[in-house]
Amino acid sequence: MSVLKSKRIRNGCLLLGMLAVPLVVNAAKKEEPQPAADAPPILAVKPIPEHGPTPLPEALKFAKLDARKAAAQTAAQFKVVKAISQKYGALDQEIQNLQQQIKTAGQQIKADQATLKQIKQAEAKQKQMKKAAEPLVALKPLPDSVALAQQIAGREQQVKTWEAAVKEKQKQLGELKKEVAEVKKQHGLLQAKEQEFQEIVKLYESQQPAADPSLFREMAAYQNSRPLYSCKIDASGNYLLAGAQGSAFHRWDLVSAKDTELLGHQSWVRRFDVGRSSPLLITGAYEGKIAWWKLDSAEPKPKHLIDAHKGFVRGVSVSPDGKLVATAGNDRLVKLWSVETAQLVRTLEGHEHQVYNVKFHPSGRYLISGDLRGNLKQWEVATGKLIRDFDGSAIYKYDKTFHGHIGGVRGMDISHDGKYFAISGIGQVSNAFAGIGVPTVILFDWETGKRLAVMTPGDNFKGTCWGVRFHPENDFIAAVGGNSSGMIWFWKLGEEKPFVSQKVKSVPYDLDFHPDGLRMCVACYDKTARLYNLGPKTPEELASEQKKKKK
């Protein structure tokens, strides 16, 4: 192998490791047994019924909440605009007053200078008269030219002081002008948001909406300075949360788009979870630590920050009752922690490889974890007992040439009713080094443990399926992934090919549904968190589309 080729491979390995591409190299170059070829999907005992579209009555509630929130934020922003505008007006008046004082003083200086000139001329004339005049002639007394000259000098110094003050205040005025423009712009955006939400409220009041992936469209984008790798929307529907290629975790207000950084970790936050009924956020980082946060604090600080795993924390899941949090990591362990005390409750051992994901069953009785090889384990929460194993090896391969593992349970979700669960990753790998394979989702029946389908894109798209989510009403499954380009796929439960596929602007690494069931967010490599809408279009949206078509 040439030096250049060796260097390319070494650099490639480093890049793949940094970006968490699913390729793990063996320390020893010995071949491992290749798993048996993936068998065709085995249907569960009960077939999946045709489901959806389901009306979403909760959507109106969230639309009204957003409208009220937007109205409150608009009103608050108007007060900010008014206060800064008043400050701008007061400063502008100060400058005008100073300029008038400078003008008046300048006129007085000119008058005094003219008077001083006359005095000096008179003084010179009197000197001549003294020499030539008769002794009996009395000379007319003249004003004190020295005092007048001092008075002029004092006024000139005062003018210089005022001019310096004007210059400084004009600089402040320029900064205030920009600030006024910015707060007015924000006020305008909030007004537009308020109007948009009011339109949505009217639409949802006239008809109960349902999610339709064919109506998929972007409605907002939240910018970051680094690539994003994980995202969720909290149960209140107030925040879009995201972990990035950096130690700062981000919380965006969905209405105002305000970004709050949560600082406490010293490395990337790849996994996190939020409470279902409380403002609880628990984050897990590559440094091996997990942190507790009060999500709705103005400036959240870690309540607890503890060492949880040796190596990366790759999975975090909060129990449905909010009492426990499960974590998984590169140390091949699954751990249960008390949310209240941050103390370790139990360690679950059994995985032979890095554990990539962990998730509580909606019943709260069970926990499922998935590792590098696609091995899935169901645990009993109360006892820590291993209940059963599932086979997810369709998203794993051992590369004989590169002597490395590629794959793993990159995404995992369980349906809200607990009947199904899904995992995602990369399957049918043809080039492990370049990460070339087929984005794959495996759907399981929870009751029987059998696979219902191996779901892949309908075209020849290559890459990894990084995240998967069930729609809150089980109307469909959504997944995101890519390689050089990004896609979002929508499958009906049990079908192998998507019924809708949408290209996105960058590779998405995670997704989540808003609790209204109509909106979804994705975390993208181009440093952007995007919010999409799957609900019906408002009359204004339809009118805007018609205008674009005419153009």
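- Annotation: Gln207, atom CD; neighbour count of heavy atoms from other residues, nucleotides and ligands within 6.0 Å is above 12.
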Task: Trace of the side-chain contact (heavy atoms from CB on, under 4.5 Å) decision for Trp292 with Ile306 - done: CA-CA 9 Å; Trp292 275 245; Ile306 64 173; 3.8 Å; yes
- [ ] Let me see the working for Glu58 and Lys61 under salt bridge (Lys or Arg N to Asp or Glu O under 4.0 Å), right down to the final yes or no.
- [x] CA-CA 5 Å; Glu58 287 289 292; Lys61 179 190 79 172; 2.9 Å; yes
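- Across all non-hydrogen atoms, the minimal contact from Met412 to Ser369 is CE-C, 4.0 Å.
- In this structure a side-chain-to-backbone donor-acceptor pair under 3.5 Å is missing from Lys335 to His309.
- Note: Tyr509 OH to Arg410 CZ = 10.0 Å, rounded to the nearest 0.5 Å.
- Outside the 6.0 Å centre-distance limit, the rings of Phe470 and His416 are not counted as a close aromatic pair.
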TODO: In sequence, state the C-alpha distance, the side-chain angles, and the governing distance for Lys497 and Thr456, and then conclude on side chain to side chain donor-acceptor pair (under 3.5 Å).
DONE: CA-CA 6 Å; Lys497 298 300 177 184; Thr456 57; 2.7 Å; yes
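- A distance-only check finds no donor-acceptor pair linking the side chain of Ser236 to the backbone of Asp234 [under 3.5 Å].
- Looking at heavy atoms from C-beta onward, Pro53 lies out of side-chain contact with Asp212 at the 4.5 angstrom threshold.
- Two residues are said to be in side-chain contact when any heavy atoms from C-beta on lie closer than 4.5 Å; Glu261 and His250 meet this criterion.
- Under the 3.5 Å distance criterion, the side-chain polar atoms of Thr74 are matched with a main-chain donor or acceptor of Ala70.
- When side chains are defined from C-beta on, Val313 counts as touching Ile290, because their heavy atoms get closer than 4.5 Å.
- Counting non-hydrogen atoms of neighbouring residues, nucleotides and ligands closer than 6.0 angstrom, the NZ atom of Lys537 exceeds 12 such neighbours.
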- [ ] Could you please spell out the steps behind the side-chain contact (heavy atoms from CB on, under 4.5 Å) verdict for Trp491 and Leu443?
- [x] CA-CA 11 Å; Trp491 290 273; Leu443 178 66; over 6 Å; no
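- Under the 3.5 Å distance criterion, the side-chain polar atoms of Ser424 are matched with a main-chain donor or acceptor of Cys465.
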Task: Trace of the side chain to side chain donor-acceptor pair (under 3.5 Å) decision for Lys69 with Asn238 - done: CA-CA 9 Å; Lys69 187 176 177 181; Asn238 283 322; 3.2 Å; yes
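- Side chain of Lys397 to backbone of Val429: a donor-acceptor contact under 3.5 angstrom is found.
- Judged by distance alone, with hydrogens and angles left aside, the side-chain atoms of Asp273 form a donor-acceptor pair with the main-chain N or O of Val318 at under 3.5 Å.
- Without hydrogens or angle criteria, His361 side chain to Ile368 main chain gives no donor-acceptor distance under 3.5 Å.
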- [ ] Tell me, with the steps shown, if Leu324 and Leu367 meet side-chain contact (heavy atoms from CB on, under 4.5 Å).
- [x] CA-CA 11 Å; Leu324 295 172; Leu367 185 73; over 6 Å; no
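- Between Tyr286 and Phe312, the ring planes are parallel. Angles under 30° get that label, and only those over 60° would be called perpendicular.
- Taking 4.5 Å as the limit, every side-chain heavy atom of Ser415 sits out of range of all side-chain heavy atoms of Phe421.
- Residues Ile200 and Ala63 share a closest heavy-atom pair of CG2-CB, 3.9 Å.
- Of all non-hydrogen atoms in Gln77 and Gln186, the two that sit nearest each other are NE2-CB, 3.6 Å.
- Put simply, CG on Leu518 and CZ on Phe513 are 10.0 Å apart, with the number rounded to the nearest 0.5 Å.
- With rounding to the nearest 0.5 Å, the separation of CZ in Arg217 from CD in Glu541 is 4.0 Å.
- Other residues, nucleotides and ligands contribute only 12 or fewer heavy atoms inside 6.0 Å of the CZ atom of Arg226.
- In this structure the side chain of Leu531 reaches within 4.5 angstrom of the side chain of Cys521, judged on heavy atoms.
- Formation of a donor-acceptor pair under 3.5 Å by the Asp510 side chain with backbone atoms of Cys231 is found in this model.
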- [ ] Check the pair Phe197 / Leu65 against side-chain contact (heavy atoms from CB on, under 4.5 Å), numbers first and verdict last.
- [x] CA-CA 9 Å; Phe197 286 124; Leu65 287 172; over 6 Å; no
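- Residues Gly370 and Leu376 approach most closely at CA-CD2, 3.7 Å, considering heavy atoms.
- One distance of note links NZ of Lys178 with OH of Tyr88; it measures 12.5 Å at 0.5 Å rounding.
- Residues Leu241 and Leu295 have side chains in contact (heavy-atom distance under 4.5 Å, counting atoms from C-beta outward).
- Rounded to the nearest 0.5 angstrom, Arg68 CZ and Lys64 NZ are separated by 7.5 Å.
- Ring orientation note: the planes of His514 and Phe62 are nearly perpendicular, at an angle over 60° on the 30°/60° scale.
- Ala285 and His265 get closest at one heavy-atom pair: CB-ND1, 3.4 Å.
- Between Tyr222 and Trp252, the ring planes are tilted. Angles from 30° to 60° get that label.
- How far CG of Asp66 is from NZ of Lys193: 9.0 Å, rounded to the nearest 0.5 Å.
- In plain terms, the two heavy atoms of Lys527 and Leu228 that are nearest each other are C-CD1, 4.1 Å.
- When Phe216, Phe490, Tyr420, Trp489 are each tested for a ring-ring contact (aromatic ring centres under 6.0 Å, His included) with Phe476, only one passes: Phe490.
- Panel note: side chain Gln198, backbone Ala67; no donor-acceptor pair is recorded below 3.5 Å.
- Counting heavy atoms from C-beta outward, Arg314 and Asn330 have side chains that approach closer than 4.5 Å.
- Other residues, nucleotides and ligands contribute only 12 or fewer heavy atoms inside 6.0 Å of the CZ atom of Arg365.
- Contact annotation: the side chain of Thr283 never approaches that of Val316 to less than 4.5 Å [non-hydrogen atoms, C-beta and beyond].
- More than 12 non-hydrogen atoms from other residues, nucleotides or ligands lie less than 6.0 angstrom from NZ of Lys294.
- Listed for the His471 side chain is a donor-acceptor partner under 3.5 Å among the backbone atoms of Gly517.
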